[in-house]
Amino acid sequence: MTLSRFAAGLLIACLALPAAAAFDIGQLMADLARHKGGRAKFVEKKYIALLDKPVVATGEMTYTAPDRLEKLTLTPKPERLLLERDQLSIERDRRKLTINLAAQPEALAFVDSIRGTLSGDRSALERNYALHLAGTADKWVLTLLPSDQKIAALVLRITVSGSGNQVRQIEYLQADGDRSVLSIDPVELR
Amino acid sequence: MSRRARAFLLWALAMLAGAAIVWNSRFTADMSFFLPSTPSAEQQVLIDQLKEGVVSRLLMVGIEGGDGAQRAAASRALRERLAARPAFVSVQNGEAGSIAAERDLLFARRYLLSPAVGPQRFTVDGLRDAISGSIDLLASPAGMLVKPFLTRDPTGELYELVSNLNGGTQPAMRDGVWASRDGSRALLLLQTRALGSDTDGQEAAIAAIRADFAAAAGDGLRLVLSGPGRFAVEARATIKDEVSRLSMIGTLAIVAVLLVVYRSPRLVGLGLLPVASGALAGVVAVSLAFGTVFGITVGFGSALIGEAVDYSIYYFVQSGRLGVDAWRERFWPTIRLGVATSLCGFGALMLSGFPGLAQLGLYALSGVLTAALVTRWLLPQLAGDAAATRDPGPAGRRLRAAFAALRRLRWPLLALAVAAFAYLGQQRDRLWQPDLSVLSTVSAEAAAVDGALRADLGAPDARYLVVVAGADREAALQAAERAGQRLDRLVADGLIGGYDTPARFLPSRAAQAARLASLPAPDELRPRLRAALADLPLAADKLEPFVDAVDAARRQAPIERADLDGSALALAVDSLLLPRADTWSVLLPLRPPAGGADVDPAALRAALAGSDALFIDMKGEFDTLYADYLGEAVALSGAGLLAIVLLLAVTLRSPRRLAAVLLPLVVAVALVVAGLHLAGERLHLLHLVGLLLIVAVGSNYALFFDHLEQAGGADDETLVAMGLANLTTTIGFGTLGLSSVPVLHAVGVTVGPGAVLALLLSAVVVPRGTAR
């Protein structure tokens, strides 16, 4: 039904999907590609102009190379987000929303920013973003600037920082000035 | 006026009256052939859905060939053209555009629409819960849904409305339009204004799609089209085409045979008189009894011709040497008994609740009876003594020799029969196809295309439904809201994943009034809001747009159906809220629970027990329907068989003769079933009906052999007449075997060979069992 597509479209249109995952970009990508996944705790802070203080979500996320990412939010409300190949599903309040990313190019580009970083897939990243790398192998900062107008209308900049092949923090700066910071603390490496 | 002229005049008048009735009859080739004549409440829903449900009005279109950009351009051009046509209620190809309109509509009316709106919602506690829920939601990726609306809708009514809708599976997207998963086809989903049962309307809609595609698409692009409408149109075309083709083939073949044998066009013409009378009488009887004549029924005409011509064959061949009076005395009782057994077979079908079968039964019964009566009473008047004077001697002698040779094969034949019985016993669980789809005229390729398009489009199949009704729109919507409350609990328990209801976009007036009444005035709302937000990171003064929105909503007029015009919401409501003659019914399609589990019908029925809501499993209903038909066909075949056996027992008055007459028929049935199964034919209830007809029709031959034995030996005329009658019957039914309509094909491939076997086996078995 049209309406369900509308629901999915609406959601995806404003989707901010943070997640886990370089000196010479090629080197960084090669390092990241060697990372086969693992489990991590996360703390996500969203700074929203309308609110007096940031909203904070915490939980666990599990990444399995190359294309499965599960994000389990525990506080403030339980929620399960699963990204598997081209399927994105969100379960909350017993409701499940499944989105076929192939049907949503902008959302796909967005998801690729995380997936590409985690899996060290440079060509996937460069399809939609201009990449800038600063720092050293032990402490690097990768900046993604959307090259597509439609994506830039949602997010101005994505900043990924980490050490070695471990992504530590992802920051999204949204077009409306609000931003979210996802901090990742690995508990188990594979 | 001579007796002869008077008889002819009477007959001609009857034929004219019949022709007038046929001229005014309504013919149809739609699926009502298969739909139960006295449906249960559940089956009625099934019928309504098949005839006018939204699913029956969906057409799926694929564009193939060229490159992705060409296909996308063609998809856009085609959508634009089709959307301008009144024949289509909706034309979708994934192009963005209308989404914003629907969201705005929902947003503007959120306080009338949201099920969460009630007195509790606007208390201090209610506000605190709802607003802190929205703030929590901001932490989620789904929170981006609420953020742009937070100051106007801090309680999250829009999220409440939208999150009840299922994301479902969506088509893939290529070049801005829907495409198959592999990207090789651009896809469109259309809903026709014409009902699914309006085959003319569906045909016009399909023609419009083809015309617009031809005009809009560039070279190298191909159109693929599927949906219930297309199947209906093609089934009708197939039946129309076959009715005339099969009748033509059958008639020509039979006329050719008769010409060869009689060598007299006049005799052939006279011989066809009973046939024409029977065919006309059949249609007249069906038209008078049913009001509507199915195309398939008329298609059965070729078999009727083959059967009805037998009586005149017997008359012409047998009466030549003996004269009419002697023929009546010697042979008519046997023919009469054969007619009676045929009537038992066809008559049993008339009792079927499967309308198609009942029509076939009445058609054949009236046809055979009329042909026999015309042969007995009219034909001698018209033909006089001009009956076949040709000496059947040589043909008779050859047949006699052939039958004698056949009798030497009796032991191998009986061994074959035993093998057939053993094979059937071993295969008995695999003989019959268990579902109604075997009766469908849809070809395997067409079904494959349909399946591929459906999978790529995620088109609904609407297997599970809850149905409620009300005296008017308001009552129906209130009933839907009550059923919705029960379903909400099932969603909470995880028994179902969700459901659709028209009350979501068009709540009952009562529900809307209650929601409006719960909205507080600004002076009441502001202090409660300040109290509610005391511990939350959101300042009350930022929510002044919310206070204004609630205040404005208090003066809103209730939503009427017309307010939804032009949006997808109108379609959603119209497809689920159906006005009937004296009641409104509401469909609530259910979605399976998350995680791929299936809906548990027993649990659903239990949960809805005690309410007036009806739970329906569409596939289950189809399966039940077919099982009912099959069970009924078994019962009716049994009854028909019993009637034939009783009739023969009473007439023959000898268990030995009875056994001798029945044995070849039983063996013929076994050989036919085993043969068809070995040949890979998927056997269904029409084959079963065919078996009854083998007995009903084949008993004629067994009876003649019995008669000949009683008379002390076979005469050449009777052997020739039997051979010829058998040939025409086999041609008539065999022609049906050529049909691509499963109903006709099944009867044809069963009775055609069955009739031949019945003659041959009778020649082998009957004489042994009696005189010698």
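As the structure is a computational prediction, the values presented were derived from the model and not from experiment.
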Compare every heavy atom of B/Leu536 with every heavy atom of A/Asp52, then report the nearest pair and how far apart it is.
-> OD2-O, 4.5 Å
Could you tell me whether B/Arg76 atom CZ has more than 12 heavy atoms of other residues or ligands within 6.0 Å of it?
-> yes
N/O donor-acceptor pair under 3.5 Å between B/Lys542 side chain and A/Leu50 backbone = yes
Contact class of A/Lys53 relative to chain B, heavy atoms under 4.5 angstrom = both
Atom CG of A/Leu51 and atom CG of B/Leu150: how far apart are they, to the nearest 0.5 Å?
-> 6.5 Å
NZ on A/Lys46 to NZ on B/Lys147, rounded to 0.5 Å = 8.0 Å
Going from CG on B/Leu137 to CD on A/Glu79, what distance comes out if it is rounded to the nearest 0.5 angstrom?
-> 7.5 Å
